Colleague: 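Okay, handing you the structure first.
This one's a predicted model, so the numbers in the text were calculated from it and none came from an experiment. By convention here, the first residue in the shown sequence is residue 1.
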Amino acid sequence: MPLPILATKPLTNNARVSSFLAPGEETPRQSDTTCLQRDRAATDALIEQAYRQIFFHAFKVDRDEVLESQLRSGQISTRDFIRQLLLSEKFQRDFYRCNSNYRVVEQVVGRVLGRQVHGKAEEIAWSIVIAEQGLPKFVDALLNSDEYRDNFGDSLVPFQRSRVLPGQAVGTMPFNQQAPRYDFYWREAMARRAPTGGLNPWTDGGGWARPAWLEGQPTPKVQAIWQYTVATGGFVLTGLVIWIAAAMLSTG
């Protein structure tokens with residue numbers, strides 16, 4: 001029997017206040033079935049918005065034509081489309097498998113609910129759901145939550161809420177800049193998986209003595225080759241200048 005979801009609360013009272021946004025890039029797009037079937041341009045814009053919200057970009061190879069066709073024909077709702085993107089191979093490969101459960105919670109809550117997580121308490125609560133029930137149950141819990149339904153329903157693509165507030169000169173930083181895809185620990189893990197084992201043989205216990213010339217000086221042999229090359233080039237250049245000058249004088 002899975003543990004119940006831990007209770008959490010917003011960090012500030014502002015999180016309980018409805019946002020009042022001026023029309024702009026964050027303005028949600030309606031997507032009822034009849035609209036999608038009638039207006040192809042509106043459908044294309046909505047699909048692009050969904051890809052940007054979940055993937056931050058959408059290359060041609062990342063798109064799912066079958067899923068898009070189902071949305072265009074009204075077989076699935078926008079909420080179902082978002083769910084399938086979150087459970088897609090691309091999202092699991094590029095976001096889920098390369099992050100800890102805490103990081104996954106931060107990433108998915110930002111994309112689905114359009115806000116930051118309410119501190120460590122919410123991170124822990126949702127990470128337990130992921131650990132016990134897996135990513136699909138976590139995604140379903142967010143998409144079926146009252147918070148999601150009250151803000152986006154079945155026909156809106158999620159968007160970053162309250163990013164621009166009246167009387168505030170500069171809006172909140174976009175979510176993809178607040179929470180980049182890869183955390184520091186993942187870059188360290190990738191370094192350890194490198195063919196060399198992620199170890200620097202000079203500094204990480206490889207057992208090799210660090211040559212003195214690596215402190216910024218080339219080896220004596222390299223220095224000799226460089227000096228010979230410079231000297232030879234100087235002689236050749238000097239001879240060429242003398243030859244040109246002699247040719248010009250003889251011509252005159």
Colleague: Can you give me the closest heavy-atom contact between Arg79 and Leu143, atom names plus distance?
Modeller: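 That would be NH1-O, 3.2 Å.
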Colleague: Run the numbers on Val236 and Leu240 for side-chain contact (heavy atoms from CB on, under 4.5 Å), then give the verdict.
Modeller: CA-CA 6 Å; Val236 172; Leu240 181 61; 5.5 Å; no
Colleague: Below 4.5 Å, heavy atoms only, C-beta onward: do Thr238 and Ile242 meet side chain to side chain?
Modeller: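 Yes, at least one pair of side-chain atoms sits under 4.5 Å.
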Colleague: Do Val112 and Ser145 touch side chain to side chain, with heavy atoms closer than 4.5 Å?
Modeller: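 Side chain of Val112 against side chain of Ser145, heavy atoms only: no contact under 4.5 Å found.
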Colleague: Okay, side chain of Asp80, backbone of Ser77: is any donor-acceptor separation there less than 3.5 Å?
Modeller: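 Side chain of Asp80 to backbone of Ser77, a donor-acceptor pair under 3.5 Å: yes, one is there.
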Colleague: Decide side chain to side chain donor-acceptor pair (under 3.5 Å) for Gln75 and Ser73; before the verdict, give the C-alpha distance in whole Å, the side-chain angles of both, and the deciding distance to 0.1 Å.
Modeller: CA-CA 6 Å; Gln75 298 179 43; Ser73 63; 3.0 Å; yes
Colleague: Is any NZ, NE, NH1 or NH2 atom of the basic residue among Glu48 and Arg63 found under 4.0 Å from an Asp or Glu carboxylate oxygen of the other?
Modeller: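 Salt bridge flag = yes for Arg63 with Glu48.
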Colleague: Mind checking whether Phe159 and Phe152 have ring centres under 6.0 Å apart?
Modeller: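 Centroid distance Phe159-Phe152: below 6.0 Å, so yes.
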Colleague: Donor-acceptor pair, Ser127 side chain versus Glu123 backbone, under 3.5 Å?
Modeller: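 Yes; at least one donor-acceptor contact below 3.5 Å.
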Colleague: Looking at Tyr102, I'd like to know if the NZ or CZ of Lys120 sits under 6.0 Å from its six-membered ring centre while staying within 45 degrees of the ring's axis.
Modeller: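 Yes, Lys120 lies over the aromatic ring of Tyr102.
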Colleague: Are the side chains of Val105 and Ile130 in contact, using a 4.5 Å heavy-atom criterion?
Modeller: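 They are in side-chain contact.
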Colleague: At their closest point, which heavy atom of Pro158 faces which heavy atom of Arg111, and how far apart are they?
Modeller: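 So the two residues come closest at CB-O, 3.3 Å.
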Colleague: Do you reckon Met248 sits in the same ILVMFWY cluster as Trp243, going by side-chain contacts under 4.5 Å, direct or chained?
Modeller: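 Both belong to a single hydrophobic cluster.
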Colleague: Rounded at 0.5 Å granularity, tell me how far CZ in Arg72 sits from CD in Gln70.
Modeller: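 Result: 12.5 Å between the selected atoms.
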Colleague: If you round to the nearest 0.5 Å, how far is CG of Leu46 from CD of Glu68?
Modeller: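 Between Glu68 CD and Leu46 CG, I get 10.5 Å after rounding to 0.5 Å.
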Colleague: Only one of Asp154, Leu71, Ile47, Leu156 forms a side chain to side chain contact (heavy atoms under 4.5 Å, CB included) with Thr78, so which one is it?
Modeller: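 The option that passes is Leu71.
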Colleague: Any salt bridge linking Arg97 with Glu89? Criterion: basic side-chain nitrogen under 4.0 Å from a carboxylate oxygen.
Modeller: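 Yes, Arg97 and Glu89 are salt-bridged.
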Colleague: Is any side-chain heavy atom of Gln116 closer than 4.5 Å to one of Val109?
Modeller: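 Contact flag for Val109/Gln116 side chains = no.
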Colleague: Compare every heavy atom of Ile82 with every heavy atom of Tyr148, then report the nearest pair and how far apart it is.
Modeller: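 Residues Tyr148 and Ile82, closest heavy atoms: OH-CG1, 4.4 Å.
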Colleague: Any side-chain heavy atom of Leu85 within less than 4.5 Å of one from Asp64?
Modeller: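 In short, these two side chains do not touch, never coming nearer than 4.5 Å.
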Colleague: Hey, could you give me the CH2/CG distance between Trp126 and Leu142, rounded to the nearest 0.5 Å?
Modeller: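 Here the interatomic distance stands at 5.0 Å.
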Colleague: Between Arg93 and Cys98, which heavy-atom pair has the shortest distance, and what is it?
Modeller: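 Shortest heavy-atom separation between Arg93 and Cys98 comes out as O-SG, 4.2 Å.
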Colleague: To the nearest 0.5 Å, tell me how far Leu67 CG sits from Ser88 OG.
Modeller: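 Leu67 CG to Ser88 OG: 9.0 Å, rounded to 0.5 Å.
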Colleague: State the CZ-CG distance between Phe138 and Leu86, to the nearest 0.5 angstrom.
Modeller: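 If I round to the nearest 0.5 Å, the distance is 9.0 Å.
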Colleague: For the atom pair CD1 (Ile54) and CZ (Phe56), what is the distance rounded to the nearest 0.5 Å?
Modeller: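 Result: 8.5 Å between the selected atoms.
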Colleague: Is any side-chain heavy atom of Phe81 closer than 4.5 Å to one of Tyr51?
Modeller: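 Yes, their side chains come closer than 4.5 Å.
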Colleague: Taking only Lys NZ, Arg NE, NH1 and NH2, and the carboxylate oxygens of Asp or Glu, determine whether Arg115 and Glu122 approach each other closer than 4.0 Å.
Modeller: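 So Arg115 pairs with Glu122 through a salt bridge.
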